[in-house]
There are 2 protein chains.
Amino acid sequence: MFELAADGLPKRGELPAEPTQADRFGKARTAQSTAVMEDYVELISDLIGSGGEARPTDIARRLGVSHPTAIKTIARLKREGLAVAKPYRGVFLTEAGEHLADRVRARHRVVVDLLVAVGVPRDAAEQDAEGIEHHVSDATLAAFADYLRRDR
Amino acid sequence: MFELAADGLPKRGELPAEPTQADRFGKARTAQSTAVMEDYVELISDLIGSGGEARPTDIARRLGVSHPTAIKTIARLKREGLAVAKPYRGVFLTEAGEHLADRVRARHRVVVDLLVAVGVPRDAAEQDAEGIEHHVSDATLAAFADYLRRDR
DNA sequence: TTGTAAATGTAGCCAAGGCTACATAGTATA
DNA sequence: TATACTATGTAGCCTTGGCTACATTTACAA
Ligand SMILES: [Mn+2]
Ligand SMILES: [Mn+2]
Ligand SMILES: [Mn+2]
Ligand SMILES: [Mn+2]
């Protein structure tokens with residue numbers, strides 16, 4: 001079974017060898033696994049930025065999930081070093097969490113703007129961006145930003 | 001708790017009332033839950049279309065997952081009426097599965113083309129499309145197609 | 001201050017989608 | 001045909017991210 005890439009085509013020789021279809025699917029799965037945490041840190045940052053505090057109940061309502069679900073995901077954020085929270089006090093972001101929130105928010109905005117710029121109706125753009133954003137790589141994000149700069 | 005939308009803004013009165021942030025997150029989660037099945041039916045259709053048969057081992061290798069994982073997901077496809085398979089025979093798509101595969105394949109192509117058209121490098125476009133495609137609504141897809149028609 | 005409502009937390013369940021280890025069935029070859 | 005390799009299937013485990021039901025804590029108002 002050597003000398004055959006996963007898509008069935010013969011390898012052309014030396015490495016690095018272009019990414020296989022399996023690589024692409026794997027990366028898409030990885031991106032997906034970070035999507036929930038990205039939405040949480042973005043939302044927590046927004047809540048703190050506007051109202052002052054991010055309570056689990058508010059987070060749950062805004063995300064449309066039950067409060068135990070929100071609490072469990074917040075526990076994961078803490079485990080991963082993105083947030084801190086003490087019982088009955090609000091949730092706060094660590095430095096790492098803030099940085100992630102900033103990047104996620106910027107990317108969200110660029111994705112919506114790009115969609116609108118190519119003609120997607122505002123509502124659909126807002127809706128679809130919520131999922132699309134988590135699969136936009138740095139290279140694609142840069143291309144989107146370039147396009148928007150050229151376009152306007 | 002009446003008269004307040006989930007984002008804290010007062011409702012303007014009659015229905016339908018614009019989608020809340022919670023609605024958007026919810027729909028993004030729904031889209032995600034269909035992503036794996038979409039990739040499977042597209043791949044099964046491709047394998048049958050080119051080689052003639054879609055064996056669980058080939059499916060697993062192309063997706064970059066273990067074969068038990070592939071078999072379990074194929075079982076789900078059968079449960080949902082998208083595929084049929086008998087032990088030690090290949091996997092086949094039902095009418096519904098074929099239709100889904102056709103739509104998914106078309107959408108995949110449009111997404112890649114759109115990304116390339118706005119300036120995303122080919123590699124990044126191929127990669128990111130694998131995740132993005134599952135979050136592109138019909139409205140957005142139509143806008144993409146329009147853009148491509150205008151553009152070229 | 002005391003009583004109630006809201007917020008928070010805990011326990012325990014589920015399905016999806018991963019995995020490894022092992023068993024069985026088919027296929028090809030010596 | 002006997003044997004070995006490959007493909008398929010099964011069992012059992014894990015994590016994520018949902019949920020409901022119930023317990024506890026806090027905040028607020030009477
Ligand atoms: Mn999102
Ligand atoms: Mn977002
Ligand atoms: Mn895909
Ligand atoms: Mn695809």
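Residue numbering restarts at 1 for every chain, and letters A, B, ... go by the order of the sequence lines.
- Rounded to an integer number of Å, the gap from A:Lys86 NZ to D:dT25 C1' is 17 Å.
- In this structure, the nucleotide among C:dG9, D:dG9, D:dG17 sitting nearest to the side chain of B:His67 is D:dG9.
- Atom pair B:Lys72:NZ and C:dT20:P shows a separation of 13 Å (rounding to whole Å applied).
- Within a 6.0 Å radius of NZ in A:Lys27, other residues, nucleotides and ligands contribute 12 heavy atoms or fewer.
- Side chain of B:Ile71, nearest nucleotide from D:dT8, D:dT20, C:dG18: D:dT8.
- The residue A:Thr73 sits apart from the nucleic acid: no heavy atom pair falls under 4.0 Å.
- Residue contacts shown for A:Arg89 are absent, as no nucleic acid heavy atom lies under 4.0 Å away.
- Residue B:Val65 places its side chain closer to C:dC19 than to any other of D:dA7, D:dG17, C:dC19.
- C:dA16 atom P lies 16 Å from atom CZ of B:Arg29, rounded to whole Å.
- With a 4.5 Å cut-off on side-chain heavy atoms, B:Leu100 and B:Leu82 count as touching.
- Atom CG in B:Asp39 sits about 17 Å away from atom P in C:dA16, given to the nearest Å.
- Note on A:Arg61: every side-chain N or O is 4.0 Å or more away from OP1 and OP2 of C:dA6.
- The side chain of A:Ser66 contributes an N or O atom lying less than 4.0 Å from OP1 or OP2 of D:dC19.
- Regarding B:Gln32, its CD atom lies at a distance of 10 Å from the P atom of C:dG18, rounded to whole Å.
- With D:dT8, C:dC19, C:dT8 as the candidates, the nucleotide lying closest to the side chain of A:Tyr88 is C:dT8.
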Chi angles and distances behind the side-chain contact (heavy atoms from CB on, under 4.5 Å) call for B:His67, B:Arg61: CA-CA 8 Å; B:His67 81 267; B:Arg61 193 181 58 242; over 6 Å; no
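- Between B:Ile59 atom CD1 and C:dG18 atom P there is a gap of 13 Å when expressed in whole angstrom units.
- D:dT8 atom P lies 8 Å from atom CD of B:Glu53, rounded to whole Å.
- Among the nucleotides C:dT20, C:dA16, D:dA7, the one closest to the side chain of B:Arg55 is D:dA7.
- Picking from C:dT20, C:dG18, D:dG9 the nucleotide with the shortest atom distance to the side chain of B:Pro87 gives D:dG9.
- A:Arg89 has its side chain out of reach of A:Glu53: every pair of non-hydrogen atoms, C-beta onward, lies at least 4.5 Å apart.
- Base contact: A:Pro68 has a heavy atom under 4.0 Å from a base atom.
- Distance A:Arg76 CZ to D:dG18 C1': 14 Å, rounded to the nearest Å.
- Dashed line: the shortest gap from a side-chain N or O of B:Thr57 to OP1 or OP2 of D:dT8 is under 4.0 Å.
- Linking Ile, Leu, Val, Met, Phe, Trp and Tyr residues whenever their side-chain heavy atoms come within less than 4.5 Å leaves B:Ile132 and B:Val41 in two separate clusters.
- Contact check for A:Thr140 versus A:His135: no side-chain heavy atoms found under the 4.5 Å cut-off.
- Each of A:Gly64 and B:Pro56 lies near DNA chain D, and the nucleotide nearest B:Pro56 is the one positioned closer to the 5' end.
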